[in-house]
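Single-structure report; data block below.
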Amino acid sequence: MDTTYRIAAIPGDGIGKEVMPAAQAVLDRVGGRFGIRFEWNELEWSCEYYARTGRMMPPDGLDRLREFDQIFLGAVGYPGVPDHVSLWGLLIPIRRAFRQYINLRPVTLLPGIDSPLRDVPASGIDFVVVRENNEGEYSETGGRMYRGTPDELAIQESVFTRRGVERAMRYAYGLAQGRGKRLASATKSNGIIHTMPFWDEIFRELAGEYPDVVPSEYHIDALAGLFVLDPARFDVVVASNLFGDILTDLGAAIIGSIGIAPSGNINPEGEFPSMFEPVHGSAPDIAGQRRANPLGQVWAGAMMLDHLGHEDAAAAVMDGISHVLAATGVRTPDLGGTASTQEVTDELLAAVDREVAR
Ligand code: GGG
């Protein structure tokens with residue numbers, strides 16, 4: 001008998017609405033082969049919804065989401081709604097309410113893609129960024145005063161708790177134990193005098209509990225440079241909320257395109273649904289042109305399968321992606337091709353069918 005999962009699908013805005021159906025089609029197709037059925041419950045929460053209702057999601061939105069096994073999100077944000085409104089009205093409340101305190105972002109150069117970096121061999125980039133996802137620089141603490149006067153000011157406090165930092169770092173150390181046993185921490189404790197030395201202290205304290213993992217610390221500016229100059233040195237990287245967000249856009253660039261980078265907002269304890277989304281945003285500049293790359297959303301779907309315990313099905317999705325990239329010239333313009341979202345999706349469906357036939 002098939003295992004059925006109830007998934008909340010939030011396509012969101014812009015190209016989110018174009019890549020979501022592509023990923024759903026691929027997951028349905030692969031699911032069929034592995035006895036997995038997805039019951040998609042589409043929620044129209046978005047900037048368009050905001051324009052109609054004044055809210056990014058209804059007042060009982062989080063309660064409704066709680067009932068689902070997982071959440072599959074496209075992209076959030078559109079001109080006309082300030083970005084902080086769309087993010088704090090949907091994405092961030094979900095991450096926080098459901099204790100999705102890990103944002104897992106693989107940075108892997110897939111077969112068939114040339115990195116924009118020179119002389120990077122096919123398997124030369126393969127690391128994971130563990131981004132702390134519930135606190136840090138993404139904080140509501142602060143305020144504005146004297147608006148509209150020459151004395152106007154804004155204060156934004158970062159919030160780093162021992163509990164929050166420890167759990168992100170423990171997750172990262174554990175992940176490194178199961179991979180290449182190297183963990184790099186992104187810091188900036190030379191310039192940021194309170195939170196970052198605290199971050200470093202906890203990183204060093206925990207190192208003793210994971211003697212098989214080699215820890216290293218880098219100031220974020222140097223780390224960004226090394227992502228470009230020597231990406232092969234990294235295995236797992238742990239970073240605060242903002243640092244992790246910025247680093248992973250760079251990570252996406254060195255693996256060829258932000259259009260393919262996936263992420264999982266993980267509640268490791270499984271008390272709440274986790275949420276899977278591409279790293280990219282809604283890309284209003286290309287929305288409606290039907291040429292968005294669906295691979296980031298599809299890869300996020302593979303992460304969801306993995307999280308649900310279907311490693312074999314996740315691998316089948318990744319095999320399909322690799323086949324399309326390595327063995328066909330079908331790719332969207334962000335990867336130098338001319339194919340549409342639908343053409344890439346069709347090729348991907350054919351690739352997963354081909355796997356079935358083998
Ligand atoms: N697909 C993800 C998305 O729409 N992201 C919008 C964004 O700006 N996210 C910032 C963040 O992940 O903190």
Side-chain angles (χ1 to χ4, degrees), residues 7-24 43-50 56-57 65 70-98 100-107 128-140 156 158-159 164 168 186 239-253 257-267 274-287 292-304 334 341:
I7 308 291
I10 311 176
D13 299 299
I15 63 167
K17 290 190 281 199
E18 297 165 34
V19 295
M20 174 66 77
Q24 287 170 312
L43 302 166
E44 51 160 355
W45 307 340
S46 59
C47 289
E48 223 173 279
Y49 182 88
Y50 180 89
M56 289 296 293
M57 64 175 153
L65 285 178
Q70 306 297 333
I71 303 165
F72 201 38
L73 179 90
V76 191
Y78 219 68
V81 180
D83 285 341
H84 67 277
V85 170
S86 51
L87 225 61
W88 282 87
L90 188 65
L91 201 54
I92 294 177
I94 296 172
R95 288 175 177 168
R96 292 188 173 188
F98 300 141
Q100 295 166 351
Y101 59 85
I102 298 299
N103 193 318
L104 203 55
R105 297 187 162 190
V107 181
V128 183
V129 177
V130 174
R131 167 187 176 190
E132 196 293 315
N133 209 31
N134 277 180
E135 53 176 50
E137 306 86 347
Y138 279 45
S139 136
E140 290 155 287
Q156 177 87 47
S158 294
V159 175
S240 64
N241 209 333
L242 178 66
F243 287 179
D245 189 37
I246 297 169
L247 277 177
T248 47
D249 264 41
L250 180 56
S257 167
I258 194 156
I260 56 176
S263 80
N265 301 271
I266 310 289
N267 168 242
S274 292
M275 174 167 66
F276 300 85
E277 54 171 331
V279 171
H280 67 70
S282 58
D285 54 330
I286 59 160
N293 194 334
L295 298 184
Q297 187 81 53
V298 176
W299 191 348
M303 291 181 75
M304 182 165 75
D334 57 305
T341 309

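Heavy atoms only: backbone and side chains are in, while hydrogens, waters and symmetry mates are out. For ligands, and for the atoms within them, numbers begin at 1 and follow the listed sequence.
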*asked:* Within the structure, is a non-hydrogen atom of R105 found at a distance of less than 4.0 Å from ligand 1?
replied: yes
*Does some non-hydrogen atom of Q297 fall short of 4.0 Å from ligand 1?*
no
_Lys/Arg N to Asp/Glu carboxylate O, R96 vs E140, below 4.0 Å_ = yes
*L90 side, atom CG; Y49 side, atom OH - distance, nearest 0.5 Å*: 10.5 Å
*How long is the gap from CD on Q297 to CD1 on I15, to the nearest 0.5 Å?*
9.0 Å
*According to the side chain to side chain donor-acceptor pair (under 3.5 Å) rule, which pairs have a member within residues 275-287, sequence neighbours left out?*
R95-E277, N265-E277
Give yes or no for whether the N/O distance cutoff of 3.5 Å, strictly under, is met between [X] and ligand 1.
{"X": "L73", "value": "no"}
{"X": "R95", "value": "yes"}
{"X": "G281", "value": "no"}
{"X": "G74", "value": "yes"}

Atoms in ligand 1 flagged as close to [X], the criterion being non-hydrogen separation under 4.0 Å:
{"X": "A75", "answer": "1 (N), 4 (O)"}
{"X": "Y138", "answer": "11 (C), 13 (O)"}
{"X": "P278", "answer": "1 (N), 2 (C)"}
{"X": "H280", "answer": "1 (N), 2 (C), 3 (C), 4 (O)"}

_How about CD on E137, more than 12 heavy atoms from neighbouring residues, nucleotides or ligands closer than 6.0 Å, or not?_
yes
*asked:* Tell me whether the count of non-hydrogen atoms from other residues, nucleotides or ligands lying under 6.0 Å of CG in D83 goes above 12.
replied: no
Among protein heavy atoms, which sits nearest to [atom], and what does the distance come to when rounded to 0.1 Å?
{"atom": "atom 13 (O) of ligand 1", "value": "R131 NH2, 2.8 Å"}
{"atom": "atom 2 (C) of ligand 1", "value": "E277 OE1, 2.7 Å"}
{"atom": "atom 4 (O) of ligand 1", "value": "V76 N, 2.8 Å"}
{"atom": "atom 7 (C) of ligand 1", "value": "L87 CD1, 3.7 Å"}

*asked:* Just by distance, no angles: are the side chains of N133 and Y138 close enough, under 3.5 Å, to form a donor-acceptor pair?
replied: no
*Please examine the side chains of I71 and F276, heavy atoms only from C-beta on, and report whether any two atoms are closer than 4.5 Å.*
no
*Is any side-chain heavy atom of Y50 closer than 4.5 Å to a side-chain heavy atom of M57?*
no
